[in-house]
Structures are given as C-alpha cells and as structure tokens.
Number of protein chains: 2
Amino acid sequence: MAGDPMRRSGAGQTRRRGAALEEAILRAATDELAESGYAGLTMDKVAARAGTNKNAIYRRWPNRLTLGVAAYRRLATTTPPPDTGDLRGDVLELLRQANRYWSSPSGAILRELLAAAGGASELLAQLQGRSGDAAAAPWLTVLGRAVARGEASPEALHPRVATVAIVLLRNEFVMRGAPTAPDDVLVEIVDEVYLPLVRRRGPVPT
Amino acid sequence: MAGDPMRRSGAGQTRRRGAALEEAILRAATDELAESGYAGLTMDKVAARAGTNKNAIYRRWPNRLTLGVAAYRRLATTTPPPDTGDLRGDVLELLRQANRYWSSPSGAILRELLAAAGGASELLAQLQGRSGDAAAAPWLTVLGRAVARGEASPEALHPRVATVAIVLLRNEFVMRGAPTAPDDVLVEIVDEVYLPLVRRRGPVPT
DNA sequence: ATGGTTAAGGTACGGAACGTACCCTAATTG
DNA sequence: CAATTAGGGTACGTTCCGTACCTTAACCAT
C-alpha cells in the first residue's frame, strides 16, 4: 500500500489536460474495476491511481455509476457468432459462450453494474448496445443460416423468438444467483424450448 | 419529523422482549419498506420506528439486506391463478398480473431486493418460494387445464417450458429498466412465442 | 511576449449509513 | 430474592460519496 502507482507529480510539474487526462482516468477506472469489481471501485482509488484527484473525475462523470459503466465498456469484447453447420450446434455454442462470459470476471462486473443501474434505463442501454438489438444480432445470424438450410422456420427470425434461449439462460443466472449454469440446463433450454420453437412447424391441428 | 411514532418509553418502563419485540421490529421494517423502499430502509429509522435501538435488530438479523428480505416477505401476497376457459386468456391474464405487480410499489421493492441480493442465492430463494418452483405453480395449473382440454401438448408441462412467458416478461423489465411493459409486448410474447411453443404440435417434417 | 481564461491539483469537509462497543437497567428464571 | 438474560441509550469508528475553495499550471488570443 506504500506503492505510488502512476504518480506524476514527482519531477516536473507537467500536467495532463483534456483528452489525455480523461484517458488516464478511464484507464485507471478500468483497471480498478477489473481488480476489485464495481463494489471496490471507489472514486478516491481511481483518482489516486490516475495520479489526479476526484475533481477531475467529477468534472467528467456525474457519479460513480456512470464512471463504472464507462469503464466497463472498455472491458466488453465481442466474439464472432459460431458456425458449426447445424442449428443445434450453433445455438449450444452461443449459450456456452454466454455461460462462460457470465462466470468470467467481466461477467461478474456486468452483473454488479446491471444491479446498480437498476432503473436507469439510459445506462442499461449502454451496457448492451441498445439492450435488445445488439444482443439479438448473433442469434439472427445463426438463425438466418438455419432458415436458409431449411432447419428453421422463417417466423423464427422475429427478435423476440430468436433470443428466447439467451433470455432463458439469463433468467437462470438471475434467479439462481449462481455465476454459471450447468451444461444440462443449456441442453435442456435448447432441446425442450428453443428447437421446438424455431423448427419448421408442421400443420397445426384444429 | 417531530413525530414520535410508536414510542414506548413514555409512561412505564414496560419493555418488550423476544417474540413481541421481534414482531415490532419486523412490522416497523415492513412499514418503512413500503414507504421508502429498500434504498430508504435504514437501520436507524427502523429502530426508531419500532421504539427500540439497533442492537435489538442486529441481535436478530445480521445485516440490512437480511432484514429487508424478511420484511419484504410480509408484503408479498399471492393471487389465485385465473381460469378464463381458454389458454390464451389465462396466459395473458397471468402476464398482466405480473405486469401490474412489477409496476406496483411492492414490485419496485422486489426489484431493489433482487438487485441487492445479487449473488446471495440463499436470500434469492427466500424472495420467491424456492425461486423457480413456486413461480411455476400457477403456470402449471393453467397449462394442466389446457392439456386436459386438448389445447396444449403434455410436453408443455415441463417447468422450463411452462414458465417461458413469465421469464420473457421478466427479462423485458430487467433489460428495459421500465417498471411496466406495454400490453403489446405481452400479446406478442403470448402469440409469437408461448402459444406456438405449448400448442399441440403436428408431425415435424423431416 | 504577455496577460487572461480555463482546467488540474490539493485538501478538507459535510453527510449518510452501516455495523460495533459499552454500560446501565428491566424482565425472567431458578 | 439473587442471578442471568436481553433491551435500551448512546456514542463512536469507518467508509465513501459528493462538494467547496483556493492555488497553480497549461493554453490561447491579441
């Protein structure tokens, strides 16, 4: 704790301004977030780590949560959607990706932030590129190929339908409080719900 | 704010103990929760309102969250599942009930608590009688009748399938941060996802 | 160049709450 | 009636957010 990380006031009085300082703060915040999670992200620590003080932070972000969200966005990474050649494989892989992410450190932070953002829908939107739409993209991609192969019904391309699987998985996380879901659950979601739903449907009996 | 709600130290030194005191605390906590939400539930206020002090509280509940959950459980009420005679009507009504509840004060508190409970799965379980199972009950009831009428496939009685609609709605709340979902969304969930999923399915084309 | 404006830095503080410690006193129990 | 248990009063340590205020460096325009 006697460390002096990134201190800048040693030698000359060179003083960062504007974008450079903003970068430094955001970088410090991101590092703190990665190390200690959102709960451990304190304004004082971020200021210290960036070698500045809280004023500089509050001039840019109105409060801790906003800074946390901004910092999180640097941690978020996107993976290209899988292409295993059949729908079931793709869907399972998408769910497994999500499962891994949520149990990863980044996922834990995302959960903290979602909890803290509570009703602030503006911030929620920033945590997922526009909430629904960006999250739906890989599902639509995967389903689009399945439709082309004749594996899935074109009606399945409705976003609400397409994302059913990931929504169920998310619910599993939220309700069970566990950072990861057993693989059985993923398989169950796919086989009991998702595939029956999107598969080409035969004529509905009257 | 000069009120003296429930003060007991006026006349005699009659002093509550055990169950009586516990009741008083829980009652005070419930009232505070209803008035100010979980964010506004402070240990000092609860103690003041119950006419006691924080010691008595901490002797019974280890922290604020636990007390909050305990207090919430007195607010929770259950409504009997609807019986409109057809599946679509029942399902829509169940969703509308949920929609109303989440936009109600109690629902707001539940959301706060779910957020605060975060990873504490033990507490989460208390917020819904065993998380999944109790929440599934009305859906199974309604679906059971539909199966008997030949409206739904028996496979739909799988809990994961049966609860798909409410899970989607819950997701809507969480992701959009809104306290209430437009009725269109409920209808869409029912018509695009739920009914196609649970309805008797014809032969699947190979 | 130079003087004025803007933004950083340092520091201290107010305020809210949680959770704890300590000691006094009423209720209960043997 | 003595001893033990549990409440009551109160104060405090801590943490951390957000703000205020002043000093000083960097930038900019004339």
Side-chain angles (χ1 to χ4, degrees), chain A residues 1 4-29 32-33 36-69 71 112-113 116-118 120, chain B residues 1 4-29 32-33 36-71 112 116-118 120:
Chain A
M1 288 300 166
D4 218 18
M6 289 281 133
R7 255 275 168 273
R8 293 191 45 67
S9 14
Q13 271 76 332
T14 184
R15 195 183 265 190
R16 293 156 301 177
R17 281 178 94 90
L21 182 55
E22 182 149 343
E23 245 300 302
I25 294 173
L26 216 40
R27 201 183 147 64
E32 281 292 328
L33 202 53
S36 323
Y38 179 66
L41 181 82
T42 83
M43 303 305 257
D44 296 84
K45 279 200 291 178
V46 170
R49 181 168 207 148
T52 180
N53 65 354
K54 287 193 288 179
N55 289 335
I57 304 179
Y58 278 105
R59 245 173 241 132
R60 293 171 169 82
W61 294 273
N63 52 47
R64 184 170 80 106
L65 178 57
T66 315
L67 174 63
V69 171
E112 280 189 281
L113 286 171
Chain B
M1 291 301 160
D4 218 18
M6 288 280 131
R7 255 275 168 273
R8 292 191 45 65
S9 15
Q13 270 77 331
T14 184
R15 193 182 268 189
R16 295 158 300 178
R17 283 178 94 91
L21 182 56
E22 183 150 341
E23 245 300 303
I25 294 173
L26 215 40
R27 199 180 150 66
E32 281 293 325
L33 202 53
S36 322
Y38 179 65
L41 180 81
T42 83
M43 302 305 258
D44 296 85
K45 281 199 290 178
V46 171
R49 182 167 205 149
T52 180
N53 66 355
K54 289 193 286 179
N55 289 335
I57 304 179
Y58 279 105
R59 243 173 244 132
R60 292 171 170 80
W61 293 274
N63 52 48
R64 184 169 80 106
L65 178 56
T66 314
L67 174 63
V69 171
E112 281 189 280

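Below, chain A is the first sequence line, B the second, and so on; all start at residue 1.
Summarising the geometry, atom CG belonging to B/Leu21 is positioned 5.0 Å from atom OG1 belonging to B/Thr52; distances are rounded to the nearest 0.5 Å. A distance of 11.0 Å separates CG of B/Asn55 from CE of B/Met43, quoted to the nearest 0.5 Å.
For A/Asn63, the side-chain hydrogen bond (donor to acceptor under 3.5 Å, both in side chains) test picks out A/Thr66, with sequence neighbours left out. With sequence neighbours left out, the side chain to side chain contact (heavy atoms under 4.5 Å, CB included) criterion links B/Lys45 to B/Glu32, B/Ser36, B/Thr42. When the salt bridge (charged side-chain N to carboxylate O under 4.0 Å, His left out) test is applied to B/Arg17, no partner is found at least two apart in sequence or on another chain. Every salt bridge (charged side-chain N to carboxylate O under 4.0 Å, His left out) that B/Glu22 has, sequence neighbours left out, goes to B/Arg60.
What separates OH of B/Tyr58 from P of C/dA17 is a distance of 12 Å, to the nearest Å. Taking atom CH2 of A/Trp61 as the reference point, atom C1' of D/dG18 lies 16 Å away to the nearest angstrom. When the P atom of C/dT25 is taken as reference, atom CG of B/Leu21 falls 20 Å away, rounded to whole Å. Counting to the nearest Å, the C1' atom of D/dG7 and the CD atom of B/Glu23 are 17 Å from each other. At whole-Å resolution of the value, CD in B/Glu22 and C1' in D/dA6 are 13 Å apart.
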Would you tabulate the nitrogen or oxygen pairs shorter than 3.5 Å linking the protein to nucleotides 4-6 of chain C?
residue, atom, partner, partner atom, Å
C/dT6, O2, A/Arg17, NH2, 3.0

Which pairs, protein N/O on one side and nucleotides 10-16 of chain D N/O on the other, fall under 3.5 Å?
none

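Residues B/Leu33 and B/Leu41 share a closest heavy-atom pair of N-CD1, 4.0 Å.
Remark: the backbone N or O of B/Tyr38 is paired with a side-chain donor or acceptor of B/Arg64 at under 3.5 angstrom.
Look at A/Arg59 and you won't find any side-chain N or O under 4.0 angstrom from OP1 or OP2 of C/dG9.
For B/Ala19 and A/Asn63, each mapped to the nucleotide of DNA chain D holding its nearest heavy atom, the one lying further toward the 5' end belongs to B/Ala19.
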